[in-house]
Amino acid sequence: MHNLGRTRSSQQPNHLLLTADTFVRTTLPGMKACSAIVHVGPASGARFTQYTAEFEAGGELGDTSAQRFIFVIEGGVELEVDGKTSALGGRGYAYLPAGVQHRVVATRVSRVAVIEKLYQALPSVAPPKLIVSNEDAISSHPLGDDSSLQVKCLLPDEMSFDFAVNTMVYQPGSSLSMVEMHVMEHGLIMLEGGGIYRLGDSWYPVTAGDFIWMGPWCPQWFGAIGKAPAKYLIYKDWNRHPLAGL
Ligand code: UGY
Ligand code: MN
């Protein structure tokens, strides 16, 4: 018996809130000393998959034929590509184009956000190249004219990318200036702080560690509550025509 069957987690047709008390771990093919909490995927209507990989020291991710984006939430990993090894510590991230052979090996107990998406090529646009960086190296800009809400775009603003991953930091009391409804879907991990997320016609209290999926046109709004800033990592599909892929 746990909480008499109560949880903040909620599954709805156009959104999903998953809180840590409902996480179930699994092993994906090729993983060693590593498990995955799969948050979302095509089985729920999403056109990408996102999971949190939990590594023991020396643990390793499996392969993918899709593009992969990794962001170190906690701990550290080594990324091996073409015989070159890069160390990624906290807030380190990498974009791995589809088909690029690589290994992700944890140097210590680690938690990593992993996003994978089949690449939608554009005629006469070369696909993106490998990126290895750290969020600390990216400068932030306000969302609109609100300096209390700062955004960092972790991937370059280029049409070759068919998705975007950003971090957003809200000072306590700040909020999105509008209820957004848009064609893009989102995968979101709350990294710090918390507040109230409106999803569809429901308002949810959310906190660090929660995962949210928002389907296309899901009404969405967030307001930060508490004495510390709220921060999340957010994925969206990007730069492609709505009819692409049909
Ligand atoms: O980029 C976005 O659409 C972002 N502003 N959405 C969100 O934070 N829910
Ligand atoms: Mn949005």
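Every number for a ligand or one of its atoms is a count from 1 in the order of the listing.
The salt bridge (Lys or Arg N to Asp or Glu O under 4.0 Å) analysis of residues 137-151, with sequence neighbours excluded, yields no pairs.
At a threshold of 4.5 Å between non-hydrogen side-chain atoms, the residues Met31 and Phe55 do not count as touching. Counting heavy atoms from C-beta on, the side chains of Val104 and Glu60 never come closer than 4.5 Å. In this structure, the side chains of Ile73 and Leu191 come closer than 4.5 Å at one or more pairs of heavy atoms. In this structure, Thr107 and Val77 have side chains that are not in contact, with every pair of non-hydrogen atoms separated by 4.5 Å or more.
Summary of contacts: the protein heavy atom closest to atom 8 (O) of ligand 1 is Tyr232 OH, 2.6 Å. Scanning the protein heavy atoms around atom 9 (N) of ligand 1, the nearest turns out to be Gln220 OE1, 2.7 Å. The protein heavy-atom contact nearest to atom 6 (N) of ligand 1 is Glu180 OE1, 3.0 Å. Nearest protein neighbour of atom 1 (O) of ligand 1, counting heavy atoms only, is Lys236 NZ, 2.7 Å.
Less than 2.8 Å away from the Mn ion (ligand 2), the protein contributes these N/O/S atoms: Glu180 OE1, His182 NE2, His186 NE2, Gln220 OE1.
Annotation for ligand 1: atoms under 4.0 Å from non-hydrogen atoms of Ile234 are 6 (N), 7 (C), 8 (O), 9 (N). Annotation for ligand 1: atoms under 4.0 Å from non-hydrogen atoms of Tyr197 are 7 (C), 8 (O), 9 (N).
Polar contact check, Asn166 against ligand 1: no nitrogen or oxygen pair lies under 3.5 Å apart.
Ring-plane geometry between Phe48 and Tyr235 is classed as parallel, the angle between the planes falling under 30 degrees on a 0 to 90 degree scale with a further cut at 60.
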Output, in order, the C-alpha distance, side-chain angles, deciding distance and verdict of ring pair (Phe, Tyr, Trp, His ring centres under 6.0 Å) for Phe23 and Phe211.
CA-CA 10 Å; Phe23 290 170; Phe211 174 84; 8.4 Å; no
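Between Asp210 and Arg8, at least one side-chain N (NZ, or NE/NH1/NH2) sits under 4.0 Å from a carboxylate O, which counts as a salt bridge. Ion pairing between Arg68 and Glu116 holds under the 4.0 Å rule for side-chain N and carboxylate O.
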